[in-house]
Protein chains: 2
Amino acid sequence: MNFQERKKKILTALDDVESLTVFELAEILEASPATIRRDLGDIAEEGLLIRTHGGAMKMENPVLTGFSEKSGVNNPVKEQIAEKAASFVQDGDIIFLDCGSTVFQMCRFLKKKSIRVITNSLPILAELIDVPSIQINLIGGELNKARKAVHGDKAVQHINGYHAHKAFIGVDGLSTENGLTAHSEHESTITTAFIRNAGQVMLLCDASKIGKDSYVKFAELSAIHTLITNADAAKTTALQQSGLHVEIAG
Amino acid sequence: MNFQERKKKILTALDDVESLTVFELAEILEASPATIRRDLGDIAEEGLLIRTHGGAMKMENPVLTGFSEKSGVNNPVKEQIAEKAASFVQDGDIIFLDCGSTVFQMCRFLKKKSIRVITNSLPILAELIDVPSIQINLIGGELNKARKAVHGDKAVQHINGYHAHKAFIGVDGLSTENGLTAHSEHESTITTAFIRNAGQVMLLCDASKIGKDSYVKFAELSAIHTLITNADAAKTTALQQSGLHVEIAG
DNA sequence: TTACTTTTGATCAATATTAATCAATTTTGA
DNA sequence: TCAAAATTGATTAATATTGATCAAAAGTAA
């Protein structure tokens, strides 16, 4: 049995019971306590259960309190980009936050600011709801449970009702030929709405996506004011020659 | 039993009572007073209870990290009303769910239905997001962190964009003279919007609120189609004579 | 205030749990 | 196919938890 299978079984087992010991789980999964401990550590890091001394406890609301986005928490590149992006946010700003994992990483660098955040991302909502200095405006519409974000026409209408100083967005691909591209149309319509209604558009994009193209072409390069990336000069010169302002993180 | 479990039990115990002594807790948790003291010290440090000489006191506004709508979970009356209310929901229904604690209790009785839920309540969102048969439409707008719900003009506009088969709402006061009354205007505008856009309006209201009036008068009795309550005939006859259909829970 | 009782915090020993390490095995990728 | 990487389980040293004990501190009543 592999980690994913065990993870599923552990979480299922915790649906029924309040808590389980390492040894109980070892017996249920027919694995050694050492493996269970490693698993529990990993799953707890994802925020889907609470690690206790000797076992694990069920998480009351795993969906909103713990997230797959945390998977990127130990990605130093995304973290650097996020920190650089957050440095452009000033007290008093009204900002749009998109629902990508790099944008999500900005949260921890925003907690000391006095700002208003407009977002369609539930992880961001959960992360910032406890910060008194941040006002949250939640974008309404159909909930996409897999992405833990709100999408659809209604959401676009909602965004159109606001103007923000800055929008922080992500993409799946970025190139001089095709501009901004995304995997899914649902997300690209939201991102397009953010672009349309923001004074400044900041694109957070790690080196791996530069020069790559994805499925939906949704915006020109000129729509972006600043690209924040970890890519080196070699990769960004072409973009800069197209008039894009590039900020290197790290 | 480990610290996490004891912590949960201690806080749950303090939901019901104003304060508890170290020895009472030691007996409840089957742990030594020394352990309880250590626990209380740690929990107090987190700001979730107030340490007293000899025990601990409930904290009025604990900084809840999750969205669990604890109040009312062990309230059998609210549970009965919620179960009765949920029995009116059929597969295929589109329903509005208000952000009160009794309405929240409906969630556990809705999990087996195939429905679409439109709500402004984050606890309801958190509770239902994992249910595959339930589509969620989140109402957008300004987030009220204290109430863990979305309010404001934008939210009302959002609701006006939809029509639901049924709306399940709560009130703070209900009387033949003043109709429906609420503590705050923010909530009453949302409730009014639900009433306006629903085919049937179901009001969930325990006996304690019947005959009482609150601050904001926001709807006539005639706006309600069905009152679901635990009140006995003596209290409801006047309402029934005003043409209200009453369902008794329990 | 003073004498008395209760509660607390510190320390300690017993026990349980964990993290780190390593060898064996399986999986992955060339 | 083979070599490299990842996963697993066993071992062991390090760490955490617990309850008991007791002196110090806090509360109580005269």
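We name chains A, B, ... by the order of the sequence lines, and we start the count at 1 in each one. Worth saying up front: this structure is predicted, and the values here are computed from it rather than measured.
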*Asks:* Would you indicate which nucleotide in D:dA20, C:dT7, D:dG9 comes nearest to any side-chain atom of B:His53?
*Replies:* C:dT7
*Asks:* For the side chain of A:Thr35, starting at C-beta, report the closest nucleotide among C:dT8, D:dA10, D:dT8.
*Replies:* D:dT8
*Asks:* Is the ring pair B:His151/B:His186 parallel, tilted or perpendicular, if the boundaries are 30 and 60 degrees?
*Replies:* parallel
*Asks:* Look at the side chain of B:Arg38 against the base of D:dG19 and say whether a donor-acceptor pair falls under 3.5 Å; ignore hydrogens and angles.
*Replies:* yes
*Asks:* Whole Å only: how far is the CZ atom of A:Phe23 from the C1' atom of C:dT15?
*Replies:* 13 Å
*Asks:* Going through the checks in order, is the side-chain contact (heavy atoms from CB on, under 4.5 Å) test met by B:Leu122 and A:Leu138?
*Replies:* CA-CA 11 Å; B:Leu122 296 183; A:Leu138 194 58; 4.2 Å; yes
*Asks:* Mind calculating the distance between CG (B:Asp42) and P (D:dT18) to the nearest angstrom?
*Replies:* 10 Å
*Asks:* Taking atom P of D:dT7 as reference, at what distance in whole Å does atom CD of A:Glu5 sit?
*Replies:* 14 Å
*Asks:* Working note: A:Leu40 + A:Ile10, criterion side-chain contact (heavy atoms from CB on, under 4.5 Å); need CA distance, chi angles, decisive distance, verdict.
*Replies:* CA-CA 9 Å; A:Leu40 292 183; A:Ile10 289 170; 4.1 Å; yes
*Asks:* Rounded to whole angstroms, how far apart are CG on B:Asn2 and C1' on C:dA16?
*Replies:* 12 Å
*Asks:* Out of curiosity, A:Lys209 NZ to A:Asp172 CG, how far, rounded to the nearest 0.5 Å?
*Replies:* 6.0 Å
*Asks:* Given atom CD1 of A:Ile36 and atom P of C:dA19, what is their separation to the nearest angstrom?
*Replies:* 14 Å
*Asks:* Measure the distance from CG on A:Leu29 to P on D:dT8 and round it to the nearest whole Å.
*Replies:* 11 Å
*Asks:* Between atom NZ in B:Lys7 and atom C1' in D:dT17, what is the gap in whole Å?
*Replies:* 17 Å
*Asks:* Quick one: is C:dA20 close enough that its OP1 or OP2 comes under 4.0 Å of any side-chain N or O from A:Arg37?
*Replies:* no
*Asks:* Out of C:dT8, C:dT18, D:dA10, which has the shortest distance to the side chain of A:Arg51?
*Replies:* C:dT18
*Asks:* Mind checking if B:Thr21 touches a base, just sugar-phosphate, or nothing, with heavy atoms under 4.0 Å?
*Replies:* nothing
*Asks:* Please give, in whole Å, the distance from C:dT6 C1' to B:Glu24 CD?
*Replies:* 15 Å
*Asks:* Verify side-chain contact (heavy atoms from CB on, under 4.5 Å) between A:Leu97 and A:Ile118, making sure each step is shown before the conclusion.
*Replies:* CA-CA 6 Å; A:Leu97 292 183; A:Ile118 304 175; over 6 Å; no
